[in-house]
Structure formats: C-alpha cells, structure tokens
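Reminder, nothing fancy here: chain letters follow the sequence lines and each chain counts from 1.
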Amino acid sequence: MAAAKNKHAAGRDGGSVRHPPPPQQTLFPEDGVAVGDIQVPPLEPFAPIVMQWQKRAGRHHLPWQGTRDPYRIWLSEIMLQQTQVSAVIGYYQRFLERFPDIRSLAAASQDEVMPYWAGLGYYARARNLHRCAQEIIAHWNGSFPPTAEQISTLPGIGRSTAAAIAAFAYGERSPIMDGNVRRVFCRYFGIDGPTGKTSTEAELWETAERIVAAAPASLDMAAYTQGLMDLGATVCTRGMPDCAACPVNTHCIARQTGRQTELPVPRQKKAVPERHCSMLVLVREGQVLLEQRPSPGIWGGLWSLPQFDDAEALASACEAQGLPAANAQRMAGLLHVFTHFRLHIDPWLLQATVPVLQEAPAGKRWTPLDALDQAALPAPVRKILEGIVSTLR
DNA sequence: GACACGTGGAG
DNA sequence: TCTCCAAGTGT
C-alpha cells in the first residue's frame with residue numbers, strides 16, 4: 001500500500017501531479033505561503049472519509065436511490081449522463097411509470113419510447129437504452145451481467161456508467177469518473193492538466209483506481225461512489241466551493257494553494273458555427289405534418305417539422321406538392337443552441353383550406369394539434385408548435 | 001484525438 | 001447576453 005501511495009504521490013512520467021516543492025521555498029512569496037506546509041494527500045483514508053460523510057451529509061432522497069434494482073439504477077445513470085439531476089427527475093418518474101421493468105421496455109417499439117425522452121436531449125441515449133434492453137432479454141436471460149466489465153459491453157454503457165451500475169447494484173469496487181469526480185480529484189490531488197486530454201483522463205482514472213485499491217475491505221462502495229458525486233455536486237462545486245464543509249479539506253492541494261477556481265483546467269474551446277434553416281408548419285384540419293428525423297443525426301428518431309435550408313427551398317417543395325407557398329406566413333424566428341453549433345430557425349405557417357396531402361408521404365405523419373403532448377418533439381419544435389396552437393385558438 | 005450528440009441552469 | 005458545463009458514449 002505504501003508503495004502504491006508513494007508512486008501516486010510522486011507523480012508519473014508525464015503526469016501532472018507535482019512533486020511538492022522543496023521545503024523553505026515559497027510558492028507565492030508575496031503571500032508568504034510556506035510550501036513546506038503543503039502535504040501530499042494521503043490515499044488510504046480518502047474513501048472511508050467520503051463514505052462516512054455521504055452517510056451523514058450526502059443526498060439520500062433522489063428518486064433512483066434506495067434501490068438495488070439494476071434496471072432502475074441503469075435508467076437513472078443513462079438519463080444523468082451530461083444532464084443535471086433537476087432535469088432528470090420528472091423524466092425518470094414518467095419513464096418508469098410507462099416502462100416499469102426491462103421486459104416492458106424491450107417489448108416496446110422505439111416510437112413508443114422516444115416520447116418519454118423528448119426534451120431531455122442526447123437521443124442516442126434513448127435509442128441505445130432500447131437496444132440494450134432487447135439485448136439483455138435476448139442474450140443475458142433478462143438480467144444485467146454480473147460485472148462492470150461485462151456491463152460495459154452493452155450499448156450506451158461506457159466504463160463509468162458500467163462501474164456506477166455495478167457499484168450501486170452489486171457493491172463492486174469499480175470506480176466511476178464523471179464531472180463531479182473529475183472536479184474533486186483535480187482539486188484534491190492538484191491535477192492540473194486540461195480535462196478531456198488523454199493523459200489527464202488516464203491520470204484521473206488511475207487515481208480513482210488507487211483510491212479504491214487503498215481502501216479497506218469494509219468500504220461501502222455504493223456510499224463511497226454516491227459520496228464522491230454528492231461532494232462534487234453540493235460542496236466542491238464549480239463556482240465557489242464550500243471548503244469549510246468539505247470532509248477532506250485538510251489535504252486538498254487546491255485549497256492549500258488557493259487554486260480552487262483554477263482547477264480543473266478546462267480544455268480549450270472551439271468556435272461554434274452558425275447554421276440557418278426554415279421549417280414548415282403545415283396545418284390542415286387541426287393536424288400538423290411532422291417528419292421523422294433520421295438516426296444517427298441530430299434529433300434522430302424524433303418527429304420534427306419538415307426542414308429546409310432556406311425559404312426558397314421550402315417554397316419550391318410546397319409548390320411541388322401543389323401547396324400555395326405564397327400563403328405561408330413567416331412566424332417569429334428563434335435561435336436554438338447546440339453543443340457544437342447554433343441553429344437559427346425560421347418557421348413558416350401554412351394553413352391549408354382544402355384537403356392536401358391526404359396521404360402523408362413516407363417518413364411523415366399527420367399529428368393532431370391536441371396530441372402534441374405525447375409526441376416525440378425536439379425542444380425548439382415544441383416551442384414553435386405551442387406558439388402556433390395558442391395563436392390558432 | 002477529434003468530433004457528434006441536446007437542453008437548461010447557474011453565475 | 002454570454003460562458004460554462006452537467007451522474008459520457010460512440011464513431
């Protein structure tokens with residue numbers, strides 16, 4: 001154990017954990033901070049302290065807590081990928097009501113599943129979730145594989161999510177690595193490489209493994225795992241961490257060096273391109289024409305408005321179908337921001353007074369305006385249609 | 001390693 | 001308004 005701890009403390013070739021500067025030197029001479037006072041964080045007590053803190057001061061009443069049902073744990077972990085707790089709670093409860101177990105999910109069609117994910121984002125998660133359910137029914141006799149390594153072979157489940165499921169459902173000692181853990185570790189161990197960089201991520205994973213390896217066999221892995229995330233979410237927060245409330249503050253490198261707001265170091269950001277499109281809101285007899293988005297791709301599997309590069313393309317497509325494009329009214333435009341581009345949307349409302357497109361073309365569907373609640377709409381499309389419905393009323 | 005993939009909350 | 005980024009994974 002001492003060897004492992006020492007190896008970690010010393011930092012490895014190319015790693016960014018720093019050797020403590022020699023004693024008598026000062027890191028910030030103007031502040032008079034004696035570097036000799038800075039201790040390399042000890043590894044062994046970390047996990048037990050976090051575990052005990054979780055039991056005392058962590059979160060215990062989130063909807064997916066208090067169960068060891070892998071299905072519920074899995075669902076929550078997928079929904080929580082890159083998504084804040086507050087956004088997930090409602091979706092989680094509605095989803096479970098409709099699909100209470102893995103068998104009901106596997107038996108459903110993707111079109112039955114997507115409405116329960118619409119608005120949550122990252123729709124490949126829902127498609128993979130559905131595929132995963134069917135795979136578990138078909139190849140794992142309806143129950144989750146017994147180890148994190150096996151769980152991680154399933155669609156939509158990477159190393160961290162697999163570890164979380166195994167830790168919460170089985171108590172397996174596999175570490176997770178998410179935004180919370182990343183922030184806590186970067187600060188506590190003074191890891192200052194850019195997050196996302198391969199070497200930094202490798203160092204973080206290795207740190208996570210060493211902590212678990214150094215912990216006593218009595219460690220409650222579920223509580224430790226939860227505690228790590230609770231710590232990052234409620235104490236070691238991004239903006240202004242509450243170091244006074246932190247159970248591991250004494251050895252935290254960031255706190256000792258006043259670098260709480262510098263760590264973790266974000267990776268450099270790229271310019272976000274702008275895109276434009278026009279969307280057709282074709283209304284006929286209280287119904288609107290929707291078009292299913294191809295997957296993979298943005299909004300894959302959801303039902304959106306027919307989309308065109310610009311107003312001219314929209315108009316010629318209308319005319320080609322015998323629709324009076326000249327009667328289309330331009331509605332208020334809106335800007336929708338994605339991670340990797342910004343989309344300017346110009347919606348055009350066309351109310352057909354005579355029967356048009358009696359049969360919806362392939363990949364399209366007439367949807368009653370009063371059934372949009374249950375439709376799998378992208379967020380901005382829902383916004384557009386809500387505006388239209390209130391206008392027509 | 002780079003990029004695709006959503007949405008909304010916080011500061 | 002604008003930036004950052006949240007219980008990441010797949011290609």
Provide, to the nearest angstrom, the distance between the [atom1] atom belonging to [X] and the [atom2] atom belonging to [N].
X	N	atom1	atom2	value
A:Leu343	B:dA4	CG	P	14 Å
A:Leu302	B:dC5	CG	C1'	12 Å
A:Leu377	B:dT7	CG	C1'	15 Å
A:Arg275	B:dG6	CZ	P	12 Å
A:Tyr91	B:dT7	OH	C1'	9 Å
A:Leu120	B:dG6	CG	P	11 Å
A:Ile345	B:dG6	CD1	P	13 Å
A:Leu80	B:dG6	CG	P	17 Å

Taking [X] first and then [Y], would you say they form a salt bridge - that is, a charged N and a carboxylate O separated by under 4.0 Å?
X	Y	result
A:Arg238	A:Glu262	no
A:Glu291	A:Arg365	no
A:Lys197	A:Glu201	no

Which is true for [X] with a 4.0 Å heavy-atom rule: it touches a base, it touches only sugar-phosphate, or it touches nothing?
X	result
A:Val85	base
A:Gly297	sugar-phosphate
A:Arg182	nothing
A:Gln226	base
A:Ser160	sugar-phosphate
A:Pro380	sugar-phosphate
A:Thr339	base
A:Trp74	nothing
A:Arg342	nothing

TODO: Check for a donor-acceptor pair, side chain of A:Ser174 on one end and backbone N or O of A:Ala148 on the other, with a separation under 3.5 Å.
DONE: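 The answer is no, because no donor-acceptor pair under 3.5 Å joins these two groups.
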- [ ] Dump the intermediate steps for side chain to side chain donor-acceptor pair (under 3.5 Å) on A:Arg293 and A:Gln307, then the final yes or no.
- [x] CA-CA 10 Å; A:Arg293 302 280 310 189; A:Gln307 184 175 324; 2.9 Å; yes
- [ ] Kindly say if A:His340 contacts the phosphate of B:dC5, meaning a side-chain N or O under 4.0 Å from OP1 or OP2.
- [x]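 Checking A:His340 against B:dC5: at least one side-chain N or O falls below 4.0 Å of OP1 or OP2.
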Open item on the list: Going 5' to 3' along DNA chain C, which are the first and last nucleotides with any atom under 4.0 Å from a heavy atom of chain A?
Closed with: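 Here the contact window of chain A covers C:dC4 to C:dG10.
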- [ ] Please report the closest heavy-atom contact between A:Gln54 and A:His60, naming both atoms and the distance.
- [x]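 Minimum heavy-atom contact is O-CE1, 2.9 Å.
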- [ ] With DNA chain B as reference, determine whether A:Lys197 or A:Tyr123 sits nearer its 5' end, using the nearest nucleotide of each.
- [x]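 Result of the comparison: A:Lys197.
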- [ ] Kindly point out which of B:dG6, B:dC3, B:dT7 is positioned nearest to the side chain of A:Pro378?
- [x]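 Ranking B:dG6, B:dC3, B:dT7 by closest atom to the A:Pro378 side chain puts B:dT7 first.
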Open item on the list: Quick check: A:Tyr91 with A:Phe95 (ring centres under 6.0 Å apart)?
Closed with: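 No, too far apart.
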Open item on the list: Under the side chain to side chain contact (heavy atoms under 4.5 Å, CB included) test against A:Trp303, which residue among A:Thr367, A:Val381, A:Asp111 passes?
Closed with: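 The single option meeting the side chain to side chain contact (heavy atoms under 4.5 Å, CB included) with A:Trp303 is A:Asp111.
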Task: Residue whose nearest DNA chain C nucleotide is more 5′ - A:Met229 or A:Arg131 - done: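 Its nearest nucleotide lies further toward 5', so the answer is A:Met229.
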TODO: Would you kindly check if the NZ (Lys) or CZ (Arg) of A:Arg210 is within the cone defined by 45 degrees around the ring axis of A:Trp205 and under 6.0 Å from the six-membered ring centre?
DONE: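 Here A:Arg210 fails the 6.0 Å and 45° test against A:Trp205.
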Open item on the list: Quick check with a 6.0 Å cut-off and a 45 degree axis cone: is A:Arg94 positioned over the face of A:Tyr92's six-membered ring?
Closed with: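 Output no; distance or angle outside limits.
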For nucleotides 8-11 of chain B, which of its nitrogen or oxygen atoms have a protein nitrogen or oxygen under 3.5 Å away, and what is each distance?
residue	atom	partner	partner atom	Å
B:dG9	O4'	A:Gln84	OE1	3.3

Open item on the list: Rounding to an integer number of angstrom, what distance separates B:dA4 and C:dA7 when you compare their P atoms?
Closed with: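 The answer is 24 Å between these two P atoms.
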Open item on the list: Using atom C1' in both nucleotides, what's the gap between C:dT9 and B:dG1 to the nearest angstrom?
Closed with: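 After rounding to an integer number of Å, I get 15 Å for this pair.
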Open item on the list: Would you say A:Thr83 and A:Arg125 are linked by a side-chain donor-acceptor pair, where the criterion is simply a distance under 3.5 Å?
Closed with: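 Yes, because at least one side-chain N or O of A:Arg125 sits under 3.5 Å from a partner of the opposite role on A:Thr83.
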